[in-house]
2 protein chains.
Amino acid sequence: MSVSVEALDAALRERGLRATPQRRQVLTAIVSLGHATPEQIHGHVHARNPSVNLSTVYRALELLEELGLVSHTHLDHGAPTYHLAAHARHLHLVCRHCGSVTEAELSIARPLAAVIAERHRFTADLTHLSVHGVCAE
Amino acid sequence: MSVSVEALDAALRERGLRATPQRRQVLTAIVSLGHATPEQIHGHVHARNPSVNLSTVYRALELLEELGLVSHTHLDHGAPTYHLAAHARHLHLVCRHCGSVTEAELSIARPLAAVIAERHRFTADLTHLSVHGVCAE
DNA sequence: TTAACTGCAAAAGTTTTGCAGGTCG
DNA sequence: CGACCTGCAAAACTTTTGCAGTTAA
């Protein structure tokens, strides 16, 4: 975790931007939560620092994503969920019925990515891949 | 197209629901547009029948999906796009840069679905699969 | 006729924005 | 000190809901 925060500080410094507590706390929240919606992230940050505003969370998420530290997917019904870019070593199986999210090996989608690259000249970003369906319940 | 509308009428009758012009027009719009957001569908319907309200479009989409005639995915930034269930014979390649949506053979994802079924006991719905990435530009 | 459906308007939920004040560097 | 950031409030969107009037069957 402190690794991520240090990476953040470095990335910010490099761009002449500021390392504020809020930005660090948003990143820390993502690290703790694994993957979460802006709302959930705000809840986590807010617990430690009640003055932090939801709009600041949105702005921080946008920035963190721009810096390449974080990325997001649309898991279920359009709800965006954010996670560490470095942790994006799995794809998501989203159950339509129970809403559960299971993680699966990224490597199992490699063959698919290869076919897509070849036939469509399209570079698939597997870290953004989520497969919808029905789990074993 | 009239095929779809007839299927709609039949499905509605079977459930004791009503075949209204609005419902038919929403379905027709989806047929013409291929895939479209609620907003775009409303635009299309509205052009022919200006009195149709957006909330009616939402209600119709919900119903059509329930009847299994239509389904939706979240293509790009969470924007829901609806399409005929019968046309869902392809998966989507969504370009992060230009926003374009390319269609690819569903069959190329079969092996992936098989692995997921075996390892995770998860039945993948490939018709809801969209792959994000970068196209050839 | 009458239960289902629609249009309208308002509510609810989410994300963005303008601005005055606070703060990192 | 000075530009960058934040909190707040309001705006901009998207989707849902309640209700009175309309309409398909």
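Below, chain A is the first sequence line, B the second, and so on; all start at residue 1.
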Intermediate values then yes/no, side chain to side chain donor-acceptor pair (under 3.5 Å), A:Ser51 and A:Asn49
CA-CA 6 Å; A:Ser51 69; A:Asn49 184 352; 3.0 Å; yes

Between the first and last five pairs of the helix from C:dT1-D:dA25 to C:dG25-D:dC1, the angle of the axes, rounded to 10 degrees
30°

At their closest point, which heavy atom of [X] faces which heavy atom of [Y], and how far apart are they?
| X | Y | answer |
| --- | --- | --- |
| B:Ile41 | B:Leu33 | CA-CD1, 4.1 Å |
| A:Leu69 | A:Ala7 | CD2-CB, 4.2 Å |
| B:Leu64 | B:Leu8 | CD2-CD1, 3.5 Å |
| B:Ala79 | B:Thr37 | CB-CG2, 4.4 Å |
| A:Ile108 | B:Leu112 | O-CD1, 3.4 Å |

Can you tell me how far [atom2] of [N] sits from [atom1] of [X], to the nearest Å?
| X | N | atom1 | atom2 | result |
| --- | --- | --- | --- | --- |
| B:His46 | C:dG7 | NE2 | C1' | 11 Å |
| A:Arg13 | C:dG25 | CZ | P | 8 Å |
| B:His74 | D:dT14 | NE2 | P | 15 Å |
| B:Tyr82 | D:dT14 | OH | C1' | 11 Å |
| B:His42 | D:dC13 | NE2 | C1' | 15 Å |
| A:Glu39 | C:dG13 | CD | C1' | 9 Å |
| A:Gln40 | C:dG13 | CD | C1' | 15 Å |
| A:Leu61 | C:dT14 | CG | P | 15 Å |

Aromatic ring centroids of A:His90 and A:His92 under 6.0 Å?
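Yes, they do, as the ring centres are separated by less than 6.0 Å.
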
Please list, chain by chain and in numerical order, all residues satisfying salt bridge (charged side-chain N to carboxylate O under 4.0 Å, His left out) with A:Arg15, sequence neighbours excluded.
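In terms of salt bridge (charged side-chain N to carboxylate O under 4.0 Å, His left out), with neighbours along the sequence ignored, A:Arg15 is linked to A:Glu66.
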
Listed by chain and number, what are the salt bridge (charged side-chain N to carboxylate O under 4.0 Å, His left out) partners of B:Arg59, not counting sequence neighbours?
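Counting only residues at least two positions away or on another chain, B:Arg59 forms no salt bridge (charged side-chain N to carboxylate O under 4.0 Å, His left out).
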
Strand-adjacent residues in residues 47-60 of chain A, judged by heavy atoms under 4.0 Å from DNA chain D:
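Output list: A:Ser51, A:Val52, A:Asn53, A:Ser55, A:Thr56, A:Arg59.
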
So if I take residues 16-25 of chain B and measure heavy-atom distances to DNA chain D, which residues fall below 4.0 Å?
B:Arg18, B:Ala19

Does any pair with a residue in residues 33-57 of chain A pass salt bridge (charged side-chain N to carboxylate O under 4.0 Å, His left out), and if so which ones, sequence neighbours excluded?
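Sorted pair list comes back empty.
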
Where the side chain of A:Glu65 meets the backbone of A:His72, is there a donor-acceptor pair that is under 3.5 Å apart?
yes

